[in-house]
Amino acid sequence: MAKPFTHSLRVRYSDCDPQGVVFFANHLEYFDVAMSELWRTAIGPYDEMVAKGVDMVVAEAEIRYLAPLPFDAEAQVAVTVQHLGTTSMRSALEISTNGALCSEGELRHVFVATDGGGKTPIPDHVRSSLATYLG
C-alpha cells in the first residue's frame with residue numbers, strides 16, 4: 001500500500017466555533033487545502049493543467065467526525081488516492097492531531113473540459129504522478 005501524502009497545518013482561531021473546536025465545515029476546507037498541496041507536490045501548479053484545457057470539480061464529499069480538533073492544535077491531513085477512473089478520482093482523507101483521529105472522509109473529483117465540453121479523461125501525466133499515492 002502506498003504511503004499517504006500528509007500536510008500539516010495549525011488550527012486558527014477563526015476556524016473554530018464558540019466551543020473552541022474547528023467548525024464542522026472547516027474540516028472540508030482542510031481537505032481541500034491538503035488536496036491542493038498534494039497537487040503542488042505531485043504534479044505542479046494546478047493552473048498549468050487548467051491552461052491545458054482540463055479542470056476538476058468535487059462531485060461528492062463525505063465526512064465523519066470522530067473527535068474535537070481544538071484551537072491552536074497542529075493537525076495532520078493525510079490523503080490517499082483510492083481510485084483513478086477514466087474521468088474521476090476518489091481520495092480518502094484523515095485529519096488527526098497528537099495521534100488522535102479527528103475526522104475522516106472521501107472526496108470524488110470529476111475531470112472536466114474547461115471549454116464546457118463536460119467530463120474528460122484524466123490527463124496521463126496527472127494519472128502517473130498520482131500513482132505514487134494510490135492505495
Side-chain angles (χ1 to χ4, degrees):
M1 179 177 251
K3 184 176 178 176
F5 172 82
T6 304
H7 177 68
S8 295
L9 52 84
R10 177 79 55 188
V11 174
R12 301 168 303 189
Y13 181 78
S14 62
D15 293 340
C16 296
D17 60 21
Q19 290 82 30
V21 298
V22 173
F23 181 66
F24 77 95
N26 289 333
H27 287 252
L28 288 171
E29 179 184 356
Y30 290 177
F31 284 3
D32 188 59
V33 168
M35 290 299 295
S36 294
E37 294 302 325
L38 164 64
W39 212 264
R40 185 180 343 281
T41 299
I43 298 161
Y46 186 85
D47 290 346
E48 289 181 7
M49 182 180 74
V50 174
K52 293 177 183 174
V54 178
D55 200 352
M56 66 181 199
V57 296
V58 174
E60 291 181 54
E62 181 180 308
I63 189 165
R64 287 167 294 286
Y65 303 95
L66 305 168
L69 184 54
F71 165 65
D72 206 36
E74 186 172 337
Q76 291 74 43
V77 187
V79 181
T80 302
V81 178
Q82 290 187 310
H83 177 74
L84 291 170
T86 303
T87 61
S88 68
M89 66 181 277
R90 272 187 299 111
S91 304
L93 297 100
E94 296 181 341
I95 301 175
S96 60
T97 187
N98 296 323
L101 186 59
C102 299
S103 63
E104 62 185 6
E106 292 184 8
L107 296 175
R108 184 171 64 90
H109 288 87
V110 174
F111 289 77
V112 295
T114 58
D115 65 3
K119 293 194 281 185
T120 192
I122 299 172
D124 290 339
H125 75 284
V126 170
R127 182 180 299 281
S128 62
S129 297
L130 291 176
T132 302
Y133 302 101
L134 190 57

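From a predicted model like this one, the values you see are computed outputs, not experimental measurements. We number each residue from 1, following the sequence as shown. Computed over heavy atoms, backbone and side chain alike; hydrogens, waters and symmetry mates excluded.
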Separation of [Y] [atom2] from [X] [atom1] (nearest 0.5 Å):
X	Y	atom1	atom2	result
His27	Leu66	NE2	CG	9.5 Å
Leu38	Tyr133	CG	OH	6.5 Å
Arg10	Phe71	CZ	CZ	9.5 Å
Thr6	Leu93	OG1	CG	10.5 Å

Below 4.5 Å, heavy atoms only, C-beta onward: do [X] and [Y] meet side chain to side chain?
X	Y	result
Met56	Val110	no
Glu104	Ile63	no
Ser91	Met35	yes
Val81	Met89	yes
Val77	Leu9	yes
Leu107	Glu60	no
Glu62	Arg108	no
Thr87	Ile122	no

Can any side-chain N or O of [X] pair as donor or acceptor with the backbone N or O of [Y] at less than 3.5 Å?
X	Y	value
Tyr65	Phe24	yes
Thr97	Glu74	yes
Ser128	His125	yes
Asp55	Val112	no
Asp115	Gly117	yes

Residue pair [X] / [Y]: nearest heavy atoms and the distance that separates them:
X	Y	value
Ser14	Asn26	O-ND2, 4.5 Å
Val21	Pro68	CG1-CB, 3.6 Å
Asn98	Gln76	N-OE1, 4.4 Å
Ala42	Ser129	O-CB, 3.3 Å
Thr120	Ala113	CG2-N, 3.7 Å
Leu69	Cys102	CD1-SG, 3.9 Å

Worksheet item: In terms of ring plane angle, is the pair Phe111 and Trp39 parallel, tilted or perpendicular, where the classes change at 30° and 60°?
Response: tilted
Worksheet item: So His7 and Phe5, would you call those rings parallel, tilted or perpendicular, with 30° and 60° as cut-offs?
Response: parallel
Item to complete: Determine, using the 4.5 Å side-chain heavy-atom cutoff (strictly less than), whether Phe23 and Leu28 are members of one ILVMFWY cluster.
Response: yes
Practice prompt. Spell out, yes or no, whether Tyr46 and Val79 are grouped together once hydrophobic residues are joined by side-chain heavy atoms under 4.5 Å, including indirect joins.
Written response: yes
Discussion item. Pairing donors with acceptors under 3.5 angstrom, does anything connect the side chains of Asp72 and Tyr13?
Written reply: no
Discussion item. For Leu130 and Val126: C-alpha separation, side-chain torsions, deciding distance, then whether side-chain contact (heavy atoms from CB on, under 4.5 Å) applies.
Written reply: CA-CA 6 Å; Leu130 291 176; Val126 170; 3.7 Å; yes
Fill in: SB check Arg127 Asp124 (cutoff 4.0 Å)
no
